[in-house]
Amino acid sequence: MRLLVLIWGCLVLPGYEALEGPKEISRFEGDTVSLRCTYREELRDHRKYWCRKGGLLFPRCSGTIYAGKEGQEMTEGRVSIHDNRQELSLIVTLWNLTLQDAGKYWCGVEKRGPDESLLISLFVFPDVLEGDFHRLGTR
């Protein structure tokens with residue numbers, strides 16, 4: 001029974017997460033979003049990545065972007081990723097968001113056994129045209 005309580009405590013108590021960051025982010029089309037996933041000291045030298053969650057029954061990564069070595073920022077398309085090892089954080093920036101960018105993504109760290117990862121939901125809303133906004137306000 002004590003073992004069960006210990007295991008339960010490790011799973012639900014805060015502070016035991018290998019990665020921490022936002023669970024949900026909401027932006028409009030055309031916006032830029034930057035997010036920070038922080039990780040524990042023991043993961044400092046491990047390879048970090050950002051990817052879109054794919055698969056229905058078996059989750060998998062698609063469009064994976066890996067952080068560069070020695071803190072080098074890597075850019076692929078409209079996404080950049082930077083591993084700031086001094087601050088123990090992975091910084092991901094997506095710019096010029098489209099509705100198709102909405103979805104679930106992982107901040108991840110490769111390691112022996114299952115990777116450490118944080119699932120983040122990105123919501124992208126249609127941009128309201130300025131002219132339409134003014135028209136709505138004058139009715």
Side-chain angles (χ1 to χ4, degrees):
M1 183 63 176
R2 286 183 192 170
L3 179 60
L4 182 60
V5 171
L6 179 63
I7 292 171
W8 179 83
C10 289
L11 293 175
V12 299
L13 292 176
Y16 287 92
E17 301 290 326
L19 285 167
E20 294 181 355
K23 303 286 191 257
E24 294 182 350
I25 299 174
S26 299
R27 294 292 187 275
F28 288 99
E29 277 182 289
D31 283 354
T32 295
V33 62
S34 283
L35 60 99
R36 179 182 304 262
C37 298
T38 58
Y39 52 85
R40 294 189 310 230
E41 172 70 34
E42 61 265 22
L43 299 173
R44 178 191 302 266
D45 296 325
H46 291 254
R47 193 173 186 196
K48 320 296 184 313
Y49 61 90
W50 171 259
C51 68
R52 187 174 190 134
K53 180 183 176 201
L56 295 174
L57 295 176
F58 302 102
R60 60 178 173 75
C61 271
S62 65
T64 305
I65 302 171
Y66 290 95
K69 295 178 181 174
E70 306 303 321
Q72 177 186 9
E73 183 174 330
M74 301 298 290
T75 301
E76 202 169 298
R78 297 176 293 109
V79 181
S80 69
I81 183 171
H82 174 242
D83 182 12
N84 185 331
R85 293 180 179 189
Q86 287 74 33
E87 295 183 13
L88 301 176
S89 61
L90 182 67
I91 299 143
V92 179
T93 303
L94 297 89
W95 59 90
N96 196 21
L97 290 171
T98 67
L99 295 176
Q100 290 75 31
D101 292 325
K104 294 182 186 254
Y105 293 84
W106 276 304
C107 264
V109 180
E110 289 183 344
K111 66 179 194 62
R112 282 194 185 146
D115 290 355
E116 297 289 353
S117 61
L118 173 68
L119 187 62
I120 299 170
S121 296
L122 174 63
F123 299 96
V124 180
F125 299 104
D127 191 15
V128 178
L129 298 176
E130 188 173 316
D132 290 343
F133 179 73
H134 288 297
R135 256 184 271 131
L136 288 172
T138 59
R139 289 184 182 176

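Position 1 is the first residue of the sequence; numbering continues from there.
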- Note on the structure: I65 and I81 have their tightest heavy-atom pair at CG2-CG2, 3.4 Å
- Note on the structure: One should read off an interatomic distance between R36 CZ and I91 CD1, to the nearest 0.5 angstrom, of 4.0 Å
- With distance as the sole test, does R78 use its side chain to make a donor-acceptor pair with the main-chain N or O of L94 at under 3.5 Å? no
- Message: Assess the residue pair D101 and R27 against the criterion (salt bridge (Lys or Arg N to Asp or Glu O under 4.0 Å)); give the C-alpha distance rounded to whole Å, side-chain angles, the decisive distance to 0.1 Å, and a yes or no.
- Response: CA-CA 10 Å; D101 292 325; R27 294 292 187 275; over 6 Å; no
- So CD of E110 and OH of Y49: to nearest 0.5 Å the spacing works out to 6.5 Å
- Task: Check the pair D45, R85 against salt bridge (Lys or Arg N to Asp or Glu O under 4.0 Å), reporting the backbone distance first and the verdict last.
- Result: CA-CA 8 Å; D45 296 325; R85 293 180 179 189; 3.7 Å; yes
- Query: Taking the side chain from K53 and the backbone from C51, do they hold a donor-acceptor pair closer than 3.5 Å?
  - Reply: no
- Considering all heavy atoms, the nearest Q72-H82 contact: C-CD2, 4.3 Å
- For E29 and V124, run side chain to side chain contact (heavy atoms under 4.5 Å, CB included): C-alpha distance rounded to whole Å, both residues' side-chain angles, the deciding distance at 0.1 Å, then the answer. CA-CA 6 Å; E29 277 182 289; V124 180; 4.3 Å; yes
- Message: Please check if the number of heavy atoms outside K23 that lie under 6.0 Å from its NZ is greater than 12.
- Response: yes
- Query: Counting only heavy atoms not in F28, do more than 12 sit closer than 6.0 Å to its CZ atom?
  - Reply: no
- Task: Answer with yes or no whether the side chains of S80 and T75 bring together a donor and an acceptor at under 3.5 Å.
- Result: no
- Message: More than 12 heavy atoms of other residues, nucleotides or ligands under 6.0 Å from NZ of K104: yes or no?
- Response: no
- Within the side chain of E24, is there an N or O that forms a donor-acceptor pair under 3.5 Å with the backbone of S121? no
